Amino acid sequence: MTLDDLRVFVAVCRAGSLSSVARELGCTQSAVSQHVKRLERETGVALLERQPRGVVPTQAGRVLEAAAAEGISGLDLAIRQLRDLVDGASGHVRVATGATTVRHFMSEAVVAYRRRHPQVNLEFRTVSSGRGSFDALTDGTLDLAWITLGPPVRGIEQRPVVELPWVLAVRADDPLARRPYVDAGADLRDVRLIRLPPNSASAAHLDAACAELGVRLAHDTSVADWDTALLLAELGVGRAVLPALPGLPVPGSEGDLRLIPLPALRPLPVGWAVRRWDALSPPARAFAHLVESHRRAARG
């Protein structure tokens, strides 16, 4: 008994004719009859009753027709859904990130992705730590995580997307605002700064980059995200060392905020973390590649 046998049998029951099904399938009436006979051998009962004007299902045939039609309909739906999934036309993409990341790194890609894949459900989740993201990727509750890249993590693949130079954010009337750049080793030794999110990978990277220059930063204010640090710097509450996020004002631009390059500090690498790239679903892979292409275009 094969799926083709069942499909042909259901078609015969609905058409009431072996010959009409044969014409539709482009085969002989004998070939159609063989499908039915194979089912009758497997079930041990007669499934069709011949009449002067065609065939009708027997009582056993009606039972098999109902079950086969329901099963075939479900299989056809599943096959269509699988094709949509392969084509990236449906499914879901679960991403670990926050509002700051979406705003600065993904906003254009999210809009473009929604237009291209309107049936895919995009789900953004805030995860408290990189370790939490890695655990969620490992157990399959997340597809992608946008992270500050770090040392290798067992069972996780990290994919660099962009390196962010560091800048000093100050108010426009700050004494340092007119500098073309800031020497982290000389100019930040006695400066108290707004601290990046405590225990974050970006803060750890900054501390390590400063340590390479023999600098230990002092802080008097802490924030939970980069955007808050920028706002406080713009208000004149303090100064902040942070990555040059996409979409920020360029150095020397108008407004109340100035961003001064810190060229001596090693840039911050950011990008994707996944469990396995070759195991990503087509919708998730399409989203990751779209984010990357927008970031490359912005750099170019």
Side-chain angles (χ1 to χ4, degrees), residues 95-107 124-136 145-151 153 158 162-177 179 181-249 251 255-271 273:
V95 185
T97 186
T100 296
T101 299
V102 172
R103 178 181 299 111
H104 293 292
F105 294 96
M106 302 180 185
S107 55
F124 296 102
R125 300 184 185 180
T126 300
V127 181
S128 59
S129 66
R131 183 70 260 174
S133 295
F134 299 148
D135 290 343
W146 185 263
I147 65 167
T148 295
L149 303 184
V153 177
Q158 300 183 49
V162 64
E163 286 192 338
L164 304 174
W166 293 94
V167 294
L168 177 67
V170 298
R171 188 175 167 83
D173 56 5
D174 188 283
L176 295 175
R179 295 278 193 92
Y181 67 91
V182 172
D183 184 337
D187 298 326
L188 296 184
R189 292 186 183 276
D190 299 321
V191 176
R192 301 189 68 81
L193 300 169
I194 300 167
R195 183 169 178 78
L196 292 179
N199 302 320
S200 66
S202 57
H205 180 97
L206 176 59
D207 289 342
C210 288
E212 293 172 2
L213 302 176
V215 177
R216 182 179 179 86
L217 299 180
H219 308 91
D220 55 12
T221 306
S222 294
V223 294
D225 58 73
W226 294 330
D227 280 344
T228 303
L230 283 169
L231 176 60
L232 294 180
E234 186 175 0
L235 294 174
V237 174
R239 298 158 169 166
V241 174
L242 70 162
L245 303 173
L248 293 184
D256 293 332
L257 185 67
R258 293 290 185 272
L259 302 178
I260 311 162
L262 288 160
L265 291 179
R266 177 165 42 88
L268 180 75
V270 296

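Computed from a prediction, not measured in an experiment: that's the story for all the values here. Values reported hereafter were calculated over all heavy atoms of this structure, with side chains retained and with hydrogens, waters and symmetry mates removed.
Rounding to the nearest 0.5 angstrom, the gap separating the CZ atom in Arg192 from the CZ atom in Arg195 is 12.0 Å. From Leu164, atom CG reaches atom NE2 of His104 across 10.5 Å, with rounding to the nearest 0.5 Å. We find the OG1-CG distance between Thr101 and Leu245 to be 8.5 Å, quoted to the nearest 0.5 Å. The distance from atom CG of Leu168 to atom CZ of Arg258, rounded to the nearest 0.5 Å, is 13.0 Å. Separation of atoms CZ (Arg266) and CG (Leu206) is listed at 10.0 Å; rounding is to 0.5 Å. Atoms CG and CG, on Leu242 and Leu193 in that order, are 10.5 Å from each other to the nearest 0.5 Å.
Looking only at distances, no side-chain donor or acceptor of Gln158 sits under 3.5 Å from a matching main-chain atom of Gly271.
Summarising the geometry of Ala169 relative to Leu230, their closest heavy-atom pair is CB-CD2, 4.1 Å, with the distance given to 0.1 Å. The two residues Ile194 and Gly238 come nearest to each other via the heavy atoms CD1-C, 3.8 Å. Across all their heavy atoms, Ala177 and Ile260 have their closest contact at CA-CD1, 3.9 Å. When all heavy atoms of Val215 and Ala184 are compared, the pair lying nearest together is CG2-O, 3.5 Å. The minimum heavy-atom distance between Val167 and Ala244, with the atom names listed, is CG1-CB, 4.0 Å.
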### Task
Test side chain to side chain contact (heavy atoms under 4.5 Å, CB included) on Phe105 and Val162 and set out the steps.
CA-CA 10 Å; Phe105 294 96; Val162 64; 4.2 Å; yes
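Sorted by first and then second residue, the side chain to side chain donor-acceptor pair (under 3.5 Å) pairs involving residues 162-172 (not counting sequence neighbours) are Arg171-Asp173. Within the structure, salt bridge (charged side-chain N to carboxylate O under 4.0 Å, His left out) pairs that include any residue of residues 237-248 comprise Asp174-Arg239 (at least two apart or interchain).
Residues Ile147 and Leu149 meet the side-chain proximity criterion, which asks for heavy atoms closer than 4.5 Å. Thr228 is not listed as a side-chain neighbour of Leu231, based on a closest heavy-atom distance of 4.5 Å or more. Side-chain contact between Val95 and Val102 is absent, with no heavy atoms from C-beta onward closer than 4.5 Å. Using a 4.5 Å cut-off on side-chain heavy atoms (C-beta onward), Trp146 and Met106 make contact. By the 4.5 Å heavy-atom criterion applied to side chains, Pro165 and Leu262 are not counted as neighbours. In this structure, the side chains of Val182 and Val241 stay at 4.5 Å or more apart for every pair of heavy atoms.
Residues that satisfy the side-chain hydrogen bond (donor to acceptor under 3.5 Å, both in side chains) test with Asp187, not counting sequence neighbours, are Arg179.
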